[in-house]
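Report on the following structure.
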Protein chains: 2
Amino acid sequence: MTPVHSSSPADVPQLGLRERKKIKTRTAIRDATYALIEEQGYEATTVEQIAERAEVSPSTVFRYFPTKEDIVLTDEYDSVMQDELRARPADEPWMESVRHILHRALDVSEADHEITRLRAHLMIQVPAVRARMMESMSVTGRLLAEVIAERAGRDADDLEVRVQTMSLIGGLTEVYQYWAENGMRDDLHGLTDRALHVLEHGLPPKKP
Amino acid sequence: MTPVHSSSPADVPQLGLRERKKIKTRTAIRDATYALIEEQGYEATTVEQIAERAEVSPSTVFRYFPTKEDIVLTDEYDSVMQDELRARPADEPWMESVRHILHRALDVSEADHEITRLRAHLMIQVPAVRARMMESMSVTGRLLAEVIAERAGRDADDLEVRVQTMSLIGGLTEVYQYWAENGMRDDLHGLTDRALHVLEHGLPPKKP
DNA sequence: TAGCTTTTGAGAGCTACTCTCATTTTATGG
DNA sequence: CCATAAAATGAGAGTAGCTCTCAAAAGCTA
């Protein structure tokens, strides 16, 4: 859900020079982007500026990332989440498994909490980013659906499975949005638990 | 959810000439857009072409619609739905109310089923359109939240209310997507009922 | 070192979208 | 009915995201 971008430069030793350079360029572009956005904001930052600071040509930027939004938003963590979900005991209720990996994902994102916050900020400020984020959430949803389908003994293309999954994604996206709108003060773990409770048992009556 | 664009030209008599012309221009742009998209596809259709066929200048097109996607997607029906939802008996369980207005909305969209299908098609073909549609769904969600909050005796800004609402929206969006992907053969009413059942009672076990 | 493949940069081109300013069109008040 | 204000339009210039092509540079293989 929330990614890591700053890869330690030493953890890929056996790769060829070509591959290593690619990774370097990729992170250079991302870092340049994050820096510029914090200085000037998202819209004010042009791809040309990004290219300049990353010391590559604009063409190269687009070779690495299809759109400007993707520079900020791409995770490589979807499949990791999927694997972790699969690693949970097969007889565990899937909602319980989801709860587990969500909290794990939150732990990871806390390590990168600068970026988590920047993204949250962009999400409520920049419509294009929000839209792109929803896109990527629905991709995550597809992966989730496969695992949920396994557990439920159903097909991943099942309407029921897909609806269940995307309703989950929708609810969780709203948690993030809520958190961002309220100044990122609340504890995301707590909010997530409240959300999962609603999704499992429906709206509890009254309270305020 | 799905809008009407072709407004009968006679149902706005007491409006000034100015207002009438505006409406005419608006629908001219929309009709031109729909026609061109069916002839050439979405991407191949430029705003310049749209302007030409609608007999206005490109500037005017952008004065009426902020983005190209909006020409295809803007509904004026959100507030109508909200009103209808409010008109339901106050003691009716809100899920039941939602079911009612969804089926009503589907009836309306059947009247315009050309456009409903075109949109569904664009939704699975054009990422930008899909993204924009999700945006507009989440706006609908905000309106829904207000009514659901009333019924549940809660605040519309409540995390619980917002999560419930957006999970509903997420699930329903997936119904539309499912329908589009499967050649728009199924009955949307039936699919919607199945979705609502999942959202209310969770994933039923096994079946295929 | 030679020859092959991959990556990069330069640059041209398209289109969505914005802004400004002059011109036309509609509304209004005397 | 005309003069004047207000609103809508068109023309045009400009920005930026994004695509494509082609030739030069860099890494790989023998």
Side-chain angles (χ1 to χ4, degrees), chain A residues 12-30 32-33 36-37 39-74 122 125-133 135, chain B residues 12-30 32-33 36-37 39-74 122 125-133 135:
Chain A
V12 271
Q14 75 293 11
L15 258 47
L17 178 54
R18 227 169 231 172
E19 304 302 314
R20 269 177 287 155
K21 264 206 161 161
K22 276 215 253 186
I23 294 176
K24 245 171 148 178
T25 308
R26 212 180 161 77
T27 67
I29 294 173
R30 252 202 289 244
T33 307
L36 283 165
I37 288 180
E39 289 170 21
Q40 322 172 333
Y42 181 83
E43 330 249 40
T45 300
T46 77
V47 173
E48 217 168 338
Q49 294 174 329
I50 293 171
E52 194 177 351
R53 183 163 306 196
E55 298 185 282
V56 294
S57 76
S59 331
T60 302
V61 173
F62 286 113
R63 230 175 247 123
Y64 279 79
F65 299 93
T67 73
K68 188 173 141 191
E69 295 106 58
D70 280 284
I71 308 179
V72 184
L73 291 179
T74 29
L122 293 177
Q125 296 279 334
V126 186
V129 171
R130 183 168 51 244
R132 192 68 196 66
M133 191 176 288
E135 268 290 301
Chain B
V12 270
Q14 74 292 10
L15 257 46
L17 176 54
R18 226 167 234 174
E19 306 302 315
R20 268 176 290 156
K21 265 206 162 163
K22 276 214 254 186
I23 293 175
K24 246 174 153 175
T25 308
R26 209 181 163 75
T27 68
I29 293 172
R30 253 202 289 247
T33 306
L36 284 166
I37 288 180
E39 289 170 21
Q40 322 173 333
Y42 181 83
E43 330 249 42
T45 301
T46 75
V47 173
E48 216 167 339
Q49 292 174 330
I50 294 171
E52 193 177 354
R53 183 164 305 195
E55 298 184 284
V56 295
S57 76
S59 331
T60 302
V61 174
F62 285 113
R63 230 175 246 123
Y64 279 78
F65 299 94
T67 73
K68 190 173 139 189
E69 294 107 57
D70 280 285
I71 307 178
V72 184
L73 292 179
T74 28
L122 293 177
Q125 297 277 336
V126 186
V129 172
R130 183 168 50 246
R132 192 68 196 70
M133 191 176 286
E135 268 288 303

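Scope of the values below: all heavy atoms of this structure, side chains included, with no hydrogens, waters or symmetry mates. Just so we're on the same page: letters track the sequence lines, and every chain starts at 1.
- Looking at heavy-atom distances under 4.0 Å, A/S59 makes contact with a base.
- The cationic atom of B/K68 (NZ for Lys, CZ for Arg) does not lie both less than 6.0 Å from the six-membered ring centre of B/F62 and within 45° of the ring axis.
- Among C/dT26, C/dG9, D/dG17, the nucleotide with an atom closest to any side-chain atom of B/L17 is C/dT26.
- The shortest non-hydrogen separation linking B/A28 to B/A54 is O-CB, 3.8 Å.
- For B/F62, whose side chain is taken as the heavy atoms from C-beta onward, the closest listed nucleotide among D/dA8, C/dA16, D/dG27 is C/dA16.
- Using a 4.0 Å cut-off, some side-chain N or O of B/K21 falls inside it from OP1 or OP2 of C/dT26.
- Side-chain proximity of A/K68 to the nucleotides D/dC18, D/dG10, C/dG9 is greatest for D/dC18.
- Note on B/K22: a side-chain N or O is less than 4.0 Å away from OP1 or OP2 of D/dA8.
- The side chain of A/V47 has D/dG17 as its nearest neighbour among C/dT5, D/dG17, D/dG10.
- If you check distances only, the side chain of B/T46 never reaches the base of C/dA16 with a donor-acceptor pair under 3.5 Å.
- Nearest to the side-chain atoms of B/R18 among the listed nucleotides C/dT6, C/dA16, C/dA27 stands C/dA27.
- Among the atoms of the strands shown, only primed sugar atoms or phosphate atoms (P, OP1, OP2) are found under 4.0 Å from some heavy atom of A/Y64.
- Protein atom CD of A/E43 is 12 Å distant from nucleotide atom C1' of C/dC17, rounded to whole Å.
- For A/T67, counting side-chain heavy atoms from C-beta on, the closest listed nucleotide (D/dG27, C/dT26, D/dC18) is D/dC18.
- Summary of the strand contacts: B/A44 and B/P58 both lie near DNA chain C, and taking for each the nucleotide with the nearest heavy atom, the more 5' one is attributed to B/A44.
- Residue A/S57 places no side-chain atom within donor-acceptor reach of the base of C/dA10, judged by atom type and a 3.5 Å distance cut-off alone.
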Would A/E19 and A/K24 satisfy salt bridge (Lys or Arg N to Asp or Glu O under 4.0 Å), going step by step from the backbone distance to the final call? CA-CA 9 Å; A/E19 304 302 314; A/K24 245 171 148 178; over 6 Å; no
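- Judged by closest nucleotide on DNA chain D, A/T45 is the one of A/E19 and A/T45 placed further toward the 5' end.
- Interface remark: the B/R63 side chain does form a donor-acceptor pair with the D/dG10 base, using a distance-only criterion of under 3.5 Å.
- For A/T25, the side-chain atoms get nearest to C/dT8 when compared with the rest of C/dT8, C/dT26, D/dG27.
- Geometrically, B/R30 does not engage B/Y64 in a cation-pi contact defined by less than 6.0 Å to the ring centre and at most 45° from the axis.
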